[in-house]
Q: 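Dropping a structure here in structure tokens format, bear with me for questions.
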There are 2 protein chains.
Amino acid sequence: MLHVAEAARVSVATVSALINGTATVSPELSQRIEQAIRDIGYKRNAIARSLKMGTTRTIGLTVPHITNPFFTDVVSVIQQAFDRAGYAVMLCCTDEDLNTQDDQIRLLLDRMVDGLIVARVGDGAILKRIVDDANVPVVLLDRICKGIDTDAVVLDNQRAVFDAITYLINLGHRRIGYITGTSDISPMHDRMAGYREALHAAGLPIAEELIRFGNFHEIDGYNETMQMLSSHDRPSAIFSANNPMVIGTMKAIRDIGLSCPEDISVACFDDFPWSDVFQPQLTTVAQPVQAIGEQAANLLLDRLAGNRDAPPRKLLLKGRLMIRNSCRPLGAIAQSVSA
Amino acid sequence: MLHVAEAARVSVATVSALINGTATVSPELSQRIEQAIRDIGYKRNAIARSLKMGTTRTIGLTVPHITNPFFTDVVSVIQQAFDRAGYAVMLCCTDEDLNTQDDQIRLLLDRMVDGLIVARVGDGAILKRIVDDANVPVVLLDRICKGIDTDAVVLDNQRAVFDAITYLINLGHRRIGYITGTSDISPMHDRMAGYREALHAAGLPIAEELIRFGNFHEIDGYNETMQMLSSHDRPSAIFSANNPMVIGTMKAIRDIGLSCPEDISVACFDDFPWSDVFQPQLTTVAQPVQAIGEQAANLLLDRLAGNRDAPPRKLLLKGRLMIRNSCRPLGAIAQSVSA
DNA sequence: AACGCTAATCTAAACGTTTCGATCATGTCA
DNA sequence: TGACATGATCGAAACGTTTAGATTAGCGTT
């Protein structure tokens with residue numbers, strides 16, 4: 001900018017005024033400056049600008065795993081929204097690890113991001129402290145957090161799983177396996193509540209040996225399914241509370257020599273784009289990823305636009321049960337269907 | 001930092017020296033400074049630091065679509081690698097659009113990223129200009145670019161498709177449909193060359209009506225497949241040159257009332273994690289995503305570590321044909337197999 | 001006691017912007 | 001003609017660091 005100013009024989013203040021349109025500059029000087037900018041190939045240094053302005057037009061986004069198709073989609077939507085608004089997004093994947101998450105958030109805050117969208121991991125105490133004293137708007141995504149009272153967009157997880165399990169019950173299933181992630185994050189907690197509520201509403205007992213905890217990965221789904229299916233009193237249906245784990249479930253079913261839905265019915269949380277193309281076509285709970293991403297982006301953009309003091313807004317979106325062919329009717333119900 | 005210095009009754013230079021370990025500071029002052037840092041809750045402002053140092057410890061990463069599982073995986077690997085190295089990554093999705101890409105790269109360069117990993121889109125002329133006068137190391141990912149002579153890691157696409165098509169030919173297929181993206185990017189060009197080479201090597205004619213161009217999306221795969229299958233002389237196998245389009249192909253096959261592999265064989269480029277769980281299990285060309293991501297990250301990290309003048313390094317990785325059950329033997333070959 | 005050496009600390013300039021207030025020419029009005 | 005508003009331009013400080021070079025204090029030598 002200094003060089004431009006010299007070349008155009010004006011002060012840097014004038015160059016800045018022209019570039020930002022913050023003051024009128026005469027046509028003559030404008031012309032000289034623009035020429036100089038072209039000649040020199042000048043590009044404004046956004047870092048210097050950020051330092052002076054106190055804003056980076058960059059936001060931080062952390063998710064547990066970008067390879068989980070739910071997060072892939074949401075990240076994609078959020079990225080597009082901020083791109084449109086002229087913001088850059090720094091992406092971090094916490095790998096479902098608390099320390100990684102804390103480090104990454106600190107990294108983002110060091111870099112003076114203007115805002116944060118966080119699908120948090122683990123207990124919120126440290127996150128809360130970090131976020132509190134960095135004075136930056138935060139929106140919680142997918143997972144709310146007890147200590148942190150801020151904007152959030154989440155699914156009505158309990159209701160969604162309630163519907164799914166009730167569907168299985170109505171098909172005649174009585175022993176329904178449930179594979180979940182560690183329940184220290186809200187969706188897992190709420191989904192489990194939906195499971196229990198559905199069984200309870202139908203007057204069915206809750207068999208604790210059918211509730212299995214994994215660590216969100218395919219391998220966990222595989223292991224837990226293997227164990228369940230090896231028991232002599234195996235379930236007739238399995239619901240997986242997340243998407244990567246259901247792949248493991250399907251592999252376990254295959255490896256153990258059973259087939260779905262003939263021998264065992266399967267449903268899971270989170271839809272994927274190819275779910276109605278391959279067999280079996282999985283029955284899933286679909287989240288409105290587009291809406292989730294857009295709402296999260298909008299909440300943050302609204303704060304960034306200056307609306308700092310509005311009370312925290314919590315958005316609760318509804319899931320949708322996508323019924324396909326991976327669950328089959330059982331017993332009397334099967335009879336009446338085939339009759 | 002000024003506040004810390006005042007609270008500890010030292011100069012800012014001393015504080016800086018302690019924080020960065022660039023000079024020895026006495027135990028006594030160290031203690032006072034550390035105490036002040038804790039009391040005040042001081043965090044270094046990375047923006048100011050970047051301005052002074054001329055480095056942001058941030059890199060830019062642009063891909064066409066993050067929802068394409070190939071790019072999802074590669075992005076994930078790259079993100080992890082830079083995370084380990086203490087770099088942040090700014091992610092942009094160009095949506096396969098040239099102007100979007102140019103805008104985003106400018107955005108990244110404005111923000112003074114230290115380096116760039118680009119899966120480019122369209123013709124490289126503008127990209128070249130942009131990259132030339134920003135003096136930043138660039139590594140090309142998945143797609144090389146005529147004008148730009150820089151580090152790159154790509155697959156041996158021609159060979160990979162040659163192998164896949166040859167496999168189909170050996171199964172007895174003679175009319176093999178080929179669905180590709182616009183061939184102005186290198187992988188599509190090279191894959192097509194592999195297709196033609198394989199047919200040629202087998203002495204088969206090339207039926208131009210079986211070569212269909214889409215725009216990388218599922219819907220394109222759907223439309224092109226529909227057209228191919230509606231012809232009276234339809235192919236016995238279809239190869240899709242990218243992953244999202246094959247979903248469209250499968251949907252078209254389903255909607256038209258055919259089934260795979262009984263009526264039509266299907267194979268495609270890019271593997272996905274669930275490909276051996278659902279039916280049909282697609283035969284695919286798997287890219288070594290882990291290696292691709294790591295190599296790209298390493299090339300860039302090496303440049304960032306100071307190795308600026310080494311000649312451009314081109315890494316050519318090998319694909320792997322994952323044979324599953326979506327392609328069936330035909331004619332005489334089928335006879336001999338079943339005999 | 002004077003000297004030089006080392007280690008610890010500080011002063012101040014620099015990075016590239018934005019912006020406040022000052023300056024200055026020009027035209028308007030009484 | 002003098003006072004004054006207006007519009008264009010500029011000078012300089014500020015944002016929060018890093019760092020080269022200056023300064024100071026402490027110590028061992030001679």
Side-chain angles (χ1 to χ4, degrees), chain A residues 1-37 40-58 86 88 106-107 109-114 133-136, chain B residues 1-37 40-58 86 88 106-107 109-114 133-136:
Chain A
M1 182 137 139
L2 180 61
H3 299 114
V4 171
E6 281 168 357
R9 305 186 307 281
V10 299
S11 75
V12 289
T14 310
V15 177
S16 177
L18 177 65
I19 291 178
N20 299 305
T22 50
T24 45
V25 4
S26 68
E28 189 192 335
L29 291 203
S30 297
Q31 221 241 302
R32 288 218 307 267
I33 294 172
E34 276 159 3
Q35 185 61 47
I37 287 179
I40 301 193
Y42 166 77
K43 306 244 87 192
R44 167 160 73 191
N45 181 325
I47 295 295
R49 175 167 225 261
S50 293
L51 177 59
K52 183 64 190 170
M53 304 283 277
T55 165
T56 52
R57 288 194 82 79
T58 301
R106 260 187 277 262
L107 182 96
L109 291 176
D110 279 359
R111 280 172 173 71
M112 303 273 125
V113 291
D114 292 343
D133 55 38
N135 203 20
V136 142
Chain B
M1 182 139 139
L2 180 61
H3 299 114
V4 171
E6 281 169 357
R9 303 187 307 282
V10 298
S11 75
V12 290
T14 311
V15 177
S16 178
L18 177 65
I19 291 178
N20 299 304
T22 49
T24 46
V25 3
S26 68
E28 189 194 336
L29 290 204
S30 297
Q31 221 242 302
R32 287 219 307 267
I33 293 172
E34 275 158 5
Q35 186 60 48
I37 287 179
I40 300 194
Y42 166 78
K43 307 244 84 191
R44 168 159 75 190
N45 182 325
I47 295 295
R49 174 169 226 261
S50 292
L51 178 60
K52 183 64 190 169
M53 305 284 277
T55 165
T56 52
R57 289 194 83 79
T58 301
R106 261 188 276 262
L107 181 97
L109 291 176
D110 279 359
R111 281 172 173 71
M112 302 275 125
V113 291
D114 292 343
D133 55 39
N135 204 22
V136 142

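The chains referred to below are lettered A, B, ... by the order of the sequence lines, with proteins before strands, and numbering in each begins at 1.
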Q: With sequence neighbours left out, what residues match B:Gln31 under side chain to side chain contact (heavy atoms under 4.5 Å, CB included)?
A: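 Result, side chain to side chain contact (heavy atoms under 4.5 Å, CB included) vs B:Gln31: none returned.
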
Q: For residues 26-35 of chain A, which residue pairs pass the salt bridge (charged side-chain N to carboxylate O under 4.0 Å, His left out) check, not counting sequence neighbours?
A: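 Salt bridge (charged side-chain N to carboxylate O under 4.0 Å, His left out) check on residues 26-35 of chain A returns A:Glu28-A:Arg32.
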
Q: Sequence neighbours left out, what passes side chain to side chain donor-acceptor pair (under 3.5 Å) with A:Thr14? Give chain and number order.
A: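 A:Thr14 satisfies side chain to side chain donor-acceptor pair (under 3.5 Å) with A:Ser11 once adjacent residues are dropped.
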
Q: Under 4.0 Å from OP1 or OP2 of C:dA8: is there any side-chain N or O of B:Thr24 that close?
A: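 For B:Thr24, the contact criterion (side-chain N or O under 4.0 Å from OP1 or OP2 of C:dA8) is met.
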
Q: Which pairs pass salt bridge (charged side-chain N to carboxylate O under 4.0 Å, His left out) with one or both residues in residues 15-27 of chain A, sequence neighbours excluded?
A: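 Non-adjacent pairs meeting salt bridge (charged side-chain N to carboxylate O under 4.0 Å, His left out): zero.
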
Q: What residues form a side chain to side chain contact (heavy atoms under 4.5 Å, CB included) with B:Ala134, not counting sequence neighbours?
A: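 Side chain to side chain contact (heavy atoms under 4.5 Å, CB included) list for B:Ala134, sorted by chain: B:Leu109.
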
Q: To the nearest angstrom, how far is A:Glu6 atom CD from D:dT9 atom C1'?
A: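 Between C1' of D:dT9 and CD of A:Glu6: 17 Å.
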
Q: Scan the side chains in residues 1-10 of chain B for donor-acceptor partners under 3.5 Å anywhere in the protein, sequence neighbours excluded, and list what turns up.
A:
none

Q: Among residues 25-32 of chain B, which ones have heavy-atom contacts with DNA chain D below 4.0 Å?
A: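 Those residues: none at all.
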
Q: Take the C1' atoms of the five end pairs on each side of the helix from C:dA1-D:dT30 to C:dA30-D:dT1, derive the two axes, and give their angle rounded to 10 degrees.
A: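 The angle separating the two end axes equals 70°.
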
Q: Protein-nucleotides 16-22 of chain C N/O pairs closer than 3.5 Å?
A:
unit_1, atom_1, unit_2, atom_2, d
C:dT17, OP1, A:Tyr42, OH, 3.0
C:dT17, OP1, A:Asn45, N, 3.2
C:dT17, OP2, A:Met1, N, 3.4
C:dT17, O5', A:Tyr42, OH, 3.3
C:dT18, OP1, A:Asn20, ND2, 3.2
C:dT18, OP1, A:Arg44, NH1, 3.2
C:dT18, OP1, A:Arg49, NE, 2.8
C:dT18, OP2, A:Ser16, OG, 2.7
C:dT18, OP2, A:Asn20, ND2, 3.2

Q: Could you go step by step and tell me if B:Ile33 and B:Ile19 meet the side-chain contact (heavy atoms from CB on, under 4.5 Å) rule?
A: CA-CA 9 Å; B:Ile33 293 172; B:Ile19 291 178; 5.8 Å; no

Q: Round to the nearest Å and state the distance from B:Ile33 atom CD1 to C:dA8 atom P.
A: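 Roughly 13 Å, once rounded to whole Å.
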
Q: Taking side chain to side chain contact (heavy atoms under 4.5 Å, CB included) as the test, write out the residues that go with B:Thr56, two or more places apart.
A: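 Partners of B:Thr56 by the side chain to side chain contact (heavy atoms under 4.5 Å, CB included) criterion, ordered by chain and then number, come out as A:Ile47, B:Ser50, B:Thr58, B:Met112, B:Asp114.
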
Q: Taking side chain to side chain donor-acceptor pair (under 3.5 Å) as the definition, give me every residue that meets it alongside A:Arg44, ordered by chain and number, with sequence neighbours left out.
A: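 If we apply the side chain to side chain donor-acceptor pair (under 3.5 Å) test to A:Arg44, skipping adjacent residues, the hits are A:Asn20.
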
Q: Looking at residues at least two apart in the chain, or sitting in another chain, which of them share a side chain to side chain contact (heavy atoms under 4.5 Å, CB included) with A:Lys52?
A: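 For A:Lys52, no residue satisfies side chain to side chain contact (heavy atoms under 4.5 Å, CB included) once neighbours in sequence are set aside.
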
